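Here is the structure we will look at, set down as structure tokens.
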Amino acid sequence: MIREYIGIGVLIALFVLLMINVGVMEGEAQSLYDKIDAAQILAAEGKIAEAAQTTADANQEWLSWSAHSHILLRHDEVEEVTHGFFELIKCLESHDGATDADFDYLRESIRCLIESERLTFEAVF
Amino acid sequence: MLIIFLRTLIIFLTLLFSMRFMGKRQLGELELSELVIAVLISDIAANPLQDIGIPLLNGLLPIVVLMCCEVILAGMMVRSNAVKIAVCGRPCMLIHNGVIDQFQMKKNRVTIDELADELRKQSVLDIDSVEYGVLETDGNVNVILKPSHRAVTVADMGLSFEDEGYPIIIINDGCLMEKNLKLCGRDEGWLYKELKARNVSRPENVYLMSVNSTGGIYFAEKENRKR
């Protein structure tokens with residue numbers, strides 16, 4: 001009987017912790033989206049240095065979070081986002097500048113990452 | 001490589017704990033739900049070991065979840081016969097009074113060859129000698145022979161015999177089992193006396209020594225030869 005209660009308790013605890021984790025990841029993703037959006041607006045206004053700085057800040061935030069994401073998410077998907085950040089910074093710091101597609105690529109990488117954890121029908125099946 | 005080494009250790013310990021937690025029944029004949037879990041666990045555990053790009057938690061989490069599911073399901077099956085039947089099914093009679101139930105054979109997808117194989121495993125060659133042949137929920141066929149074909153027992157012969165009792169091991173491969181010695185009401189003085197009577201000086205030189213409740217002793221000295 002005790003084993004069954006432990007089993008039920010562990011399942012409930014895991015479910016709650018995983019739901020909390022999804023919430024934390026959603027919040028972190030939204031924070032990154034906001035910074036990327038801001039960088040894109042700055043880049044569109046021609047403020048490339050500020051855009052690069054904003055992207056670098058977002059990248060720092062992502063890197064500080066990547067230990068957490070490495071434990072929970074597939075490593076290649078995490079690296080994809082890291083790669084996307086460095087590519088975007090490289091584009092912004094080069095003379096060519098970044099296109100909307102570069103920003104979209106980074107946003108999509110983050111979205112794919114979060115989508116795999118989000119409790120949706122598509123994700124489950 | 002160090003990561004794989006550590007992961008293997010962690011997965012191994014987790015599986016060991018899971019199996020221990022699920023109980024001994026997991027190690028014997030597998031019921032359907034247990035078989036599913038055993039197959040799943042073995043497959044899931046292998047993934048993070050083979051692919052370093054998969055987080056270890058991807059392997060550990062399903063194992064813990066499966067472990068909890070099995071414990072809860074086993075508890076429900078103990079309490080509710082309906083749950084037990086829903087998960088494991090019911091035993092069914094394949095042979096009754098020497099006659100094969102062909103409907104049940106088809107329903108359970110058991111072929112004549114498989115049935116004959118199961119009967120042979122139990123040293124039964126003639127189906128006519130079987131009173132009941134039951135297909136159990138774990139897939140085994142249990143056979144009960146007609147009274148005229150059953151082996152003669154002591155009770156059938158009208159004889160009486162003294163129960164020899166359960167033999168308790170006192171020395172196991174040179175190791176003295178003090179707890180067992182006390183359990184059979186003996187002490188070390190008695191033990192050394194018995195050893196001396198068999199020209200053995202120390203328990204370390206004994207391979208196996210057991211005593212049953214009538215005082216009967218089984219003794220095997222340790223061999224010195226090396227192969």
Side-chain angles (χ1 to χ4, degrees), chain A residues 1-26 28-29 62-86 109-125, chain B residues 1-4 6-7 10-11 13-27 31 33-34 36-37 40-41 44 46-81 83-84 87:
Chain A
M1 196 68 181
I2 292 170
R3 285 184 185 193
E4 290 152 45
Y5 285 135
I6 292 172
I8 293 168
V10 170
L11 281 185
I12 292 170
L14 279 175
F15 185 75
V16 170
L17 285 171
L18 289 171
M19 290 303 288
I20 292 169
N21 177 56
V22 171
V24 170
M25 285 174 71
E26 294 260 17
E28 183 60 33
W62 165 249
L63 289 176
S64 67
W65 192 57
S66 68
H68 174 243
S69 54
H70 265 99
I71 294 169
L72 297 163
L73 303 165
R74 285 187 65 90
H75 298 178
D76 51 355
E77 289 174 2
V78 176
E79 299 309 335
E80 185 83 11
V81 176
T82 309
H83 178 74
F85 267 114
F86 281 111
S109 305
I110 297 170
R111 191 194 65 76
C112 286
L113 200 67
I114 302 304
E115 201 64 46
S116 63
E117 287 296 305
R118 198 174 280 154
L119 193 60
T120 60
F121 186 81
E122 293 84 7
V124 172
F125 294 96
Chain B
M1 281 297 156
L2 182 66
I3 303 285
I4 292 173
L6 289 173
R7 281 181 168 209
I10 294 168
I11 289 277
L13 290 174
T14 309
L15 274 178
L16 210 62
F17 172 74
S18 303
M19 290 294 181
R20 181 73 187 84
F21 193 77
M22 282 186 228
K24 284 193 174 65
R25 57 198 235 114
Q26 196 67 22
L27 307 173
E31 289 281 3
S33 63
E34 295 162 349
V36 168
I37 284 180
L40 273 178
I41 283 183
I44 289 166
N47 285 337
L49 299 183
Q50 292 166 342
D51 187 353
I52 200 170
I54 299 174
L56 193 56
L57 271 183
N58 281 18
L60 295 179
L61 189 73
I63 291 171
V64 174
V65 171
L66 285 171
M67 178 187 79
C68 294
C69 291
E70 165 57 16
V71 169
I72 294 166
L73 196 62
M76 285 168 71
M77 285 197 286
V78 168
R79 272 174 201 79
S80 163
N81 206 31
V83 176
K84 167 97 176 143
V87 176

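Convention: sequence-line order gives letters A, B, ...; per-chain numbering from 1. The figures here come from the full heavy-atom set of this structure, side chains too, leaving out hydrogens, waters and symmetry mates. Worth saying up front: this structure is predicted, and the values here are computed from it rather than measured.
Between the NE2 atom of A:H75 and the CG atom of B:N58 there is a distance of 8.0 Å, given to the nearest 0.5 Å. Remark: B:L57 CG to A:L72 CG distance equals 6.0 Å, nearest 0.5 Å.
In this structure, the salt bridge (charged side-chain N to carboxylate O under 4.0 Å, His left out) partners of A:E4, at least two apart in sequence or on a different chain, are B:R79.
Annotation: maximal heavy-atom pairing with chain B below 4.5 Å, among A:V78, A:L14, A:I6, occurs at A:L14. When the candidates A:I71, A:D76, A:L18 are compared by the number of heavy-atom contacts under 4.5 Å with chain B, A:I71 comes out ahead.
Looking at every heavy atom in both residues, B:C68 comes nearest to A:L11 through CB-CG, 3.5 Å.
When heavy atoms are compared at a cutoff of 4.5 Å, A:I8 approaches chain B by way of both its backbone and its side chain.
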